[in-house]
Amino acid sequence: MINISTAAGQDLPQETYYPWKSKSGLFGYSNPNGKLKIDPQFEDANFFTNQFAIVEKKNKKGVIDHTGAIKLDFEYDKLDLVAWGNETIAITCKSFNAWWKFNKWNFFPGFSVMGGTNDKRIVDTKVLKMNWKVILLNTNQTIIDSDHKLNEYPFQASDIHRFQDKILINNQLYSNNNGQIKQINSGITAILTDSTLLRRKVDDYQILNKNLKPIDNTSFKVPAQIIVEVNGKKKKLKTETINAGTKVTLNFMEDQQQHIFAYPDLSKIFPKKIDKYFNQETEAESILSHAQIIYSVPNTAYFIVRSFINNEMRFYILNQNGTWESDRRKTKDFVILSNSGRVLYPDANGMGIEDALPKNCNVKWIEQTQINKSWFKITATHKTDSTSLSGIFDITTRKWVLPMEYTSLETLNSYPNLWRFELGSETDFKKKKYGLINIISSKITVEPQYNSLNANAKVGTFNGEKWDYFYVNPLNGKEYRERNL
C-alpha cells in the first residue's frame, strides 16, 4: 500500500481538553487552564480525536464523547480512533470464547508423559478468538465486523487512508453519504496519486481515476519473469527469487504491449536493453542478478537499483535509455525509506552529513522529519565509547537545525515541530530526564525533568518507590494533575 494520504490524525475539539489526573489516581478532563470539564472516573485517558476519546476502566477500553457520555462501553482489549475529516472511526478488538468450535477443543490438556500435573480435565473447551469491528462513531454504524485468530491484526489505523472524499480500509473503498458509510469498490490495492487508484481483478490490474473509472484500456499483470538484454546478452530476471538467504520480490508489472514498469510508477517504461556498467570492476549483469528492489525516481528518467553484491548493499542509478549514471546529484531529492522509516538512499555522504559530523562519530541511521522534507534526524555513535548522539540536519543548507548533542530525539504524534529530547547518558531508565523542544525555534517548551515522556505528552516521574503518570501541555509544560499538599 502506498500511503499518499492517511486518515489518521488528531483533530481536537473546539476547546482542547487535556486528560487531568486527580489525587485519587483517576483521570478526568480539564481545559487548557486546568478547569475541570469531565469528572475524574477513569483509570487511564487519552487525548480527544474530534469529539471522542479513548478511556479505560477495569483494564478494558471504551470511548466517551465531549460531554463525558459513554459512546462505546468498556469491553475492548484494543481500541484506536482515526479522524476522517469531522467524522471519527473506531477500530475495536475484544476476545471471546468460541466454545462451539468442537474441532478446536483441547483433549486431556494436562496430559504429560513426565506426569506431575494437577490438571485432570478430560477436555478444555476454551477456543479464544478476537472480534474486530470498524465503527463510524458519529452514527454508531458498524462498517466491518469479523472474527480472527489470536495475534492477528487485520485492521490498523495505519491501514486506513483517505482518497478524495472517500476512505480506503485495507482493499475496500467506502463513501460517506450524510453519515452513512457504503462500500463502493473492492480490490483496491494502492493509492497511486491523489487522483488515481490501482484496482485488481483476478490477476489483472487497472488504473482508476477519481471517479473510479479506468483511465484507459491498459491493464497490467505481475510477470513471473522479465527478459532484458544486458551488454548484448539475454538475461532473465525472476520476479521472486532467494538472494543471500532472503526472499526477494521485484516490483515489476507488465502491460499488454509487454512494456515493463517498476511499481508503483506505471508511467515510465523500464529499459529492455541495458549497457555495461561504467566501472569495469562491477558487471551490470551482477547488479541486476543480485537486485533486492528497483525504484522508479518520480519525474526523472532514472531508476535506482538496490543490489547486494560482495556482502554489501549498494545503490546503482539506471537511465530509462539503458545507460548507467554516475552523477548521484541527479537523484539527490529522491529518498528511499525502509519499513521502519529509516533512510536507505541517499547515504550520509551524499547528503553532506559526513562533513558536518562531530569528530570521531559514525552515522548509525537517518530518518526524514515530517515537518520539512529537507530536515533529517541523524543518529550517530561515538567511536571511542559507542554512546549515541542525535541531531537534526538540513540537507539544503548543510547546517544543523539542532546540534548533535542529544542522547535521544523523538517527535510527538500531533505536534511534528515538537520533539522529545534527552541530555546526558544515564543508563538507569528510572533516572533519565526528558523534555520537549520546538525544532523550528529551538525553544524548550518542557524542561527536561521527567523520567519518561511518550509521544502523546504523557509523562512519568519515579519517586524511588513507584511511578506517577500524568499529562502535560506540550506547548508550555503545564501539568494536568491534582498535586498532593
Side-chain angles (χ1 to χ4, degrees), residues 2-4 243-244 246 248 250-251 262-265 268 270-271 274-275 277-279 281-282 284 286-288 290-359 361-381 383 388-404 409 411 416 439:
I2 305 301
N3 184 3
I4 299 298
N243 194 332
T246 303
V248 175
L250 295 180
N251 48 328
Y263 171 86
D265 187 349
K268 183 167 57 186
F270 189 78
I274 298 174
D275 291 351
Y277 194 62
F278 56 80
N279 183 343
E281 296 180 357
T282 305
S286 181
I287 294 173
L288 296 171
H290 296 89
Q292 300 273 309
I293 194 168
I294 296 175
Y295 305 86
S296 172
V297 183
N299 305 315
T300 73
Y302 300 109
F303 297 89
I304 293 179
V305 183
R306 176 185 170 192
S307 193
F308 192 76
I309 300 177
N310 297 327
N311 295 320
E312 186 176 0
M313 190 69 71
R314 291 188 177 181
F315 294 88
Y316 303 87
I317 304 173
L318 177 64
N319 196 304
Q320 189 180 8
N321 63 17
T323 62
W324 297 93
E325 178 59 60
S326 61
D327 188 356
R328 293 182 178 270
R329 289 176 298 180
K330 294 184 178 179
T331 58
K332 65 181 179 64
D333 295 327
F334 184 62
V335 176
I336 298 174
L337 303 177
S338 69
N339 291 334
S340 63
R342 295 179 182 177
V343 174
L344 299 176
Y345 181 90
D347 59 20
N349 186 50
M351 299 170 78
I353 297 168
E354 293 281 9
D355 294 336
L357 281 177
K359 290 183 178 180
C361 280
N362 290 327
V363 173
K364 190 174 181 181
W365 63 73
I366 304 169
E367 299 171 61
Q368 193 172 35
T369 67
Q370 296 178 31
I371 195 166
N372 188 321
K373 291 184 178 180
S374 295
W375 291 7
F376 291 81
K377 172 192 164 185
I378 314 300
T379 301
T381 54
K383 294 178 182 178
S388 290
L389 290 174
S390 294
I392 295 179
F393 187 75
D394 186 336
I395 64 170
T396 301
T397 63
R398 302 293 176 100
K399 294 181 179 179
W400 291 99
V401 178
L402 288 182
M404 289 280 290
L409 280 171
T411 186
I439 63 172

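With values rounded to the nearest 0.5 angstrom, Q292 atom CD is found 9.0 Å from L250 atom CG. From T397, atom OG1 reaches atom CH2 of W375 across 9.0 Å, with rounding to the nearest 0.5 Å. Separating the CD1 atom in I439 from the OG1 atom in T369 is a distance of 5.5 Å, to the nearest 0.5 Å. Here the straight-line distance linking atom CG of L318 with atom OH of Y316 works out to 13.0 Å at 0.5 Å rounding.
Y302 and S296 are not linked by any side-chain donor-acceptor pair at a separation below 3.5 angstrom, with hydrogens and angles left out of the test. Side-chain atoms of T379 and S390 form a donor-acceptor pair, as typed in the model, at a separation below 3.5 Å.
With a 4.5 Å cut-off on side-chain heavy atoms, Y295 and R306 count as touching. With contacts defined as side-chain heavy-atom distances shorter than 4.5 Å, the pair T300/F334 does not qualify. Looking only at side-chain heavy atoms (C-beta outward), M404 and L357 come within less than 4.5 Å of each other. By the 4.5 Å heavy-atom criterion applied to side chains, V363 and I353 are counted as neighbours. Counting heavy atoms from C-beta on, the side chains of L409 and I392 come closer than 4.5 Å.
In this structure a side-chain-to-backbone donor-acceptor pair under 3.5 Å is missing from W365 to I378. At distances below 3.5 Å, at least one donor-acceptor pair connects side-chain atoms of Q368 with backbone N or O atoms of K373. Judged purely by atom type and a 3.5 angstrom limit, T381 has no side-chain atom pairing as donor or acceptor with the backbone of S388.
For S338, the side-chain contact (heavy atoms from CB on, under 4.5 Å) partners at least two apart in sequence or on another chain are S340, R342, L344.
Within the 6.0 Å centre-distance limit, the rings of F315 and Y345 are counted as a close aromatic pair.
Judged by a 6.0 Å distance limit and a 45° cone about the ring axis, K268 is positioned over the six-membered ring of F303.
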Practice item. Give the intermediate values and the outcome of ring pair (Phe, Tyr, Trp, His ring centres under 6.0 Å) for residues W324 and Y277. Key: CA-CA 6 Å; W324 297 93; Y277 194 62; 5.4 Å; yes
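Around CG of N362, the count of heavy atoms belonging to other residues, nucleotides or ligands within 6.0 Å exceeds 12.
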